[in-house]
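Please read the structure below before turning to the comments.
Letters go in sequence order (proteins before strands), and every chain restarts at 1. Note: hydrogens, waters and symmetry copies are ignored here, and every other heavy atom, side chains too, is used.
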There are 2 protein chains.
Amino acid sequence: MRLNKKERQRLLKETILENPFVTDEELAEKFSVSIQTIRLDRLELNIPELRERIKNVAQKNFSEEVRSLPIEEVIGEIIDIELDEHAISLLDIKEEHVFKRNNIARGHHLFAQANSLAVAVINDELALTIKSNIQFIRQVKLGERVIAKAKVVEKEMEKGRTVVHVESFVNHELVFKGEFHMYRPKHKEGVQK
Amino acid sequence: MRLNKKERQRLLKETILENPFVTDEELAEKFSVSIQTIRLDRLELNIPELRERIKNVAQKNFSEEVRSLPIEEVIGEIIDIELDEHAISLLDIKEEHVFKRNNIARGHHLFAQANSLAVAVINDELALTIKSNIQFIRQVKLGERVIAKAKVVEKEMEKGRTVVHVESFVNHELVFKGEFHMYRPKHKEGVQK
DNA sequence: ACTACTATTAGTACCTAGTCATAAAATCAG
DNA sequence: CTGATTTTATGACTAGGTACTAATAGTAGT
């Protein structure tokens, strides 16, 4: 079954992205066209030849020294906050957050975003998490933007405990849900900073 | 300055290991010998040609044949693992893990260690966390070494679900406890050529 | 000095996975 | 059916090799 040019080029791009180790010959066979057609396609799409592609992959691998992730990126960016009430933060899922294999975000990044939002929303010098129940509702993929919303639901100031609910969304779709029991050290009255 | 064969071959091996992207021609120049000598050396030392070397580096990155989870993706260092049974990992709490204010470790790092250990202990292509209950039992401070122990407690293979318990210790003192409900996807046959 | 030996260099044919350029054939749209 | 687009064919050239044969250089032992 021969496809038209547009469709073929679309699939070509995909195929090569998925497996950069494929030769023009194999591609020609796959799409039932001549090698020359594949080469014209690559030319039009600016896809380099096999050896260049392999080299690129290798170089990326070889010069990979960016192992640690800065804290700012783990936590996400706080875009709205009202202390002791609610807060919203935003995290863009990038290469460093996902399993290489399938581009699904690793759970602990979603947890980190939610947990640090829960810490931030507490109006205190410092809050600590003591207990937490969480649920990963659907997988989050590379490139998606996760918006976490925290809400303080219980304030038991005397005991120094507070409960925060966090829900995280991708395009208004719930992807993560967590309940965080926070400990806040003894309050000093009227001290605001 | 020409070296003798032995010395040249020793350096050759080193040079290529350090920079696999070097051609025979460049090597010949570097050691002031002919290209043929370099090729004889590679033959004797069983060093493949440039393109093969590059391909190897690339493939390592692209992970065509890596069985389970690559170790570097685990937070902390795995020091013992028996798939589907138990695993132990170690995490030294450094500057980047703590609140600057009081040098207490941020909760999500303990979670990350435990969570990735739970993922790693599952003997499958890839496991995902669906649900988790956790408790932060005592604060962990800068400089402390956290040892996390994961134990697979329930295997319901048909449903693709597994429960893993993780307990983390500092000097035999329990600091963190968590229950992780993991999902293991249905196996797909490798389609690669 | 002659021989034996290793080390090095030279040269040729062939390979893969391409490149670039030109021309011809096939297919599709109006 | 014509003209434009798309596809295929062909030939010449490239990098970075392999595999093989043959010649030369250098050194050691007798």
*Test log, rule side chain to side chain contact (heavy atoms under 4.5 Å, CB included), inputs L12(A) and L45(A)*: CA-CA 9 Å; L12(A) 190 78; L45(A) 298 169; 3.9 Å; yes
*Going from OG1 on T15(A) to CD on E26(A), what distance comes out if it is rounded to the nearest 0.5 angstrom?*
11.5 Å
*Hydrophobic cluster mates of F169(A), side-chain heavy atoms under 4.5 angstrom, ILVMFWY only, any path?*
I137(A), L174(A)
_Reading 5' to 3' through nucleotides 9-23 of chain C, protein heavy-atom contacts under 4.0 Å coded B for base, S for sugar-phosphate only, - for none_ = BBB----BBBB----
*Pairwise salt bridge (Lys or Arg N to Asp or Glu O under 4.0 Å) hits with a residue in residues 30-40 of chain B, at least two apart*: D24(B)-R39(B)
*Between which nucleotides of DNA chain D, read 5' to 3', does contact with chain A run, using atoms under 4.0 Å from its heavy atoms?*
dT6(D) to dT10(D)
Under 3.5 Å, side-chain donor or acceptor atoms of residues 127-136 of chain A against the rest of the protein: list the pairs with distances, not counting sequence neighbours.
unit_1	atom_1	unit_2	atom_2	d
T129(A)	OG1	N115(A)	OD1	2.7
S132(A)	OG	E179(A)	O	3.4

*asked:* Would you call the rings of F111(A) and F180(A) parallel, tilted or perpendicular, taking 30° and 60° as the class edges?
replied: tilted
*Who are the side chain to side chain contact (heavy atoms under 4.5 Å, CB included) partners of E49(B), not counting sequence neighbours?*
R42(B), R51(B), E52(B)
